[in-house]
Amino acid sequence: MLNIDWNSLSNDDLYTIAENLKKEKNCFILAHNYQNMEVQKIADYVGDSLQMAIVASKTDAKMILLCGIKIMAETTKILNPDKKVLMSHFDADCPLANMKTPDDLRALRKKYPDAEVVCYVNSPAALKAESTITCTSSNAEKIISSIPEDKQIIFVPDKNIGAWVAYKNNRELIMFDSYCYVHEQITLEETMMMREEFPDYSLIVHPECSLDVCKEADLVCSTGQMIDFVKKNDRVIIGTEIGLYDQLKYHYPEKHLVPLNLKMVCKNMKKTNLQGAVRALAEEKYEITVPEIMKQKAKKSLDRMLLFI
Ligand code: SF4
């Protein structure tokens with residue numbers, strides 16, 4: 001396997017090698033909804049952060065290959081401490097997750113010592129370890145509403161999801177100024193123009209978009225919830241990273257779907273390609289490890305989140 005001339009292989013060759021390797025190594029492949037379609041095709045499960053976390057916690061495979069970004073592979077490792085967890089690309093990481101450090105969060109906690117800390121899942125294990133509970137875009141609202149009204153809440157790291165759940169729950173949240181560059185760039189003006197161009201389409205957006213854009217949408221939800229919406233609706237504007245639109249067009253060619261904006265491309269998610277993913281599995285490269293103390297603390301935060309599914 002190590003002497004393969006990888007560049008000479010077609011996609012069909014790579015799909016066959018991936019299938020054989022999965023059986024040989026007892027490996028389960030998870031891919032995020034934002035991955036390229038060619039990568040999604042080798043996955044045993046494709047989903048959003050929460051769905052992947054749930055599936056990862058249940059598989060009995062010996063090895064997991066995570067096609068996505070580093071923080072997702074860390075979450076998978078924390079939930080599967082005895083399994084070998086591989087990443088599909090050595091430096092696919094999330095800029096949002098790294099805008100603030102654990103020291104920044106400790107400083108904020110010092111300022112608000114009685115506050116509960118809710119940490120969006122797109123964060124490094126070190127930040128989760130400093131938090132009370134993790135949340136995803138699909139359960140953030142529920143988790144915030146479960147916290148007593150007289151408790152202050154620090155919400156990290158995404159200010160846009162924070163602003164959306166604060167608006168929906170009519171709560172004040174203490175936040176950093178961090179954001180996802182892919183979703184933050186979409187303006188209200190661009191969104192209104194799409195509304196005018198496609199007046200009989202529903203608009204669904206991810207809560208990492210700005211509050212103005214979210215308020216204009218018919219539904220604000222996770223990518224997993226977007227897929228459920230498209231199953232039941234025929235004309236939809238998709239307001240999230242373009243990988244989800246590609247996936248929906250592939251599975252539902254008969255539907256009328258348009259992307260909110262073609263510039264919603266996450267360079268980090270797109271670092272993984274088919275050859276890279278299969279090679280990572282063949283050579284068992286890019287194994288993820290999380291320091292023990294951090295793993296234990298982050299797991300508590302993740303376990304609390306899993307009660308809200
Ligand atoms: S889409 Fe945004 S939040 Fe998701 S990985 Fe890319 S930068 Fe991070």
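In each ligand, atom 1 is the first atom listed, and ligand 1 is the first ligand listed. Heavy atoms only: backbone and side chains are in, while hydrogens, waters and symmetry mates are out.
Counting atoms of ligand 1 from 1 in the listed order, those under 4.0 Å from a heavy atom of Asn122 are 3 (S), 4 (Fe). Near Pro95, meaning under 4.0 Å from one of its heavy atoms, ligand 1 places the atoms 7 (S). Ligand-side atoms of ligand 1 in range of Ile69: 5 (S), range being under 4.0 angstrom from any heavy atom. Distances below 4.0 Å separate heavy atoms of Cys180 from the following atoms of ligand 1: 1 (S), 2 (Fe), 3 (S), 7 (S). Using a 4.0 Å cut-off to heavy atoms of Tyr181, the atoms of ligand 1 that qualify are 7 (S). Taking every heavy atom of Glu208 and a limit of under 4.0 angstrom, the matching atoms of ligand 1 come to 2 (Fe), 3 (S).
Distances from atom 2 (Fe) of ligand 1 show that Cys94 has no N/O/S atom below 2.8 Å.
Formation of a donor-acceptor pair under 3.5 Å by the Arg109 side chain with backbone atoms of Val117 is not found in this model.
Note on ring orientation: taking the six-membered ring where Trp is involved, the planes of His256 and Tyr201 are perpendicular (angle over 60°, cut-offs 30° and 60°). The aromatic rings of Trp164 and Tyr167 are tilted relative to each other, their planes meeting at an angle between 30° and 60°.
If you check which protein heavy atom lies closest to atom 6 (Fe) of ligand 1, you get Cys266 SG, 2.4 Å.
Checking each of Thr134, Val156, Leu96 against Tyr120 for a side-chain contact (heavy atoms from CB on, under 4.5 Å) leaves exactly one that passes, namely Leu96. For the salt bridge (charged side-chain N to carboxylate O under 4.0 Å, His left out) criterion with Lys25, the lone passing option out of Glu284, Glu283, Glu19 is Glu284. Under the side-chain contact (heavy atoms from CB on, under 4.5 Å) test applied with Asp212, the options Leu188, Ile186, Thr187 reduce to a single match, Leu188.
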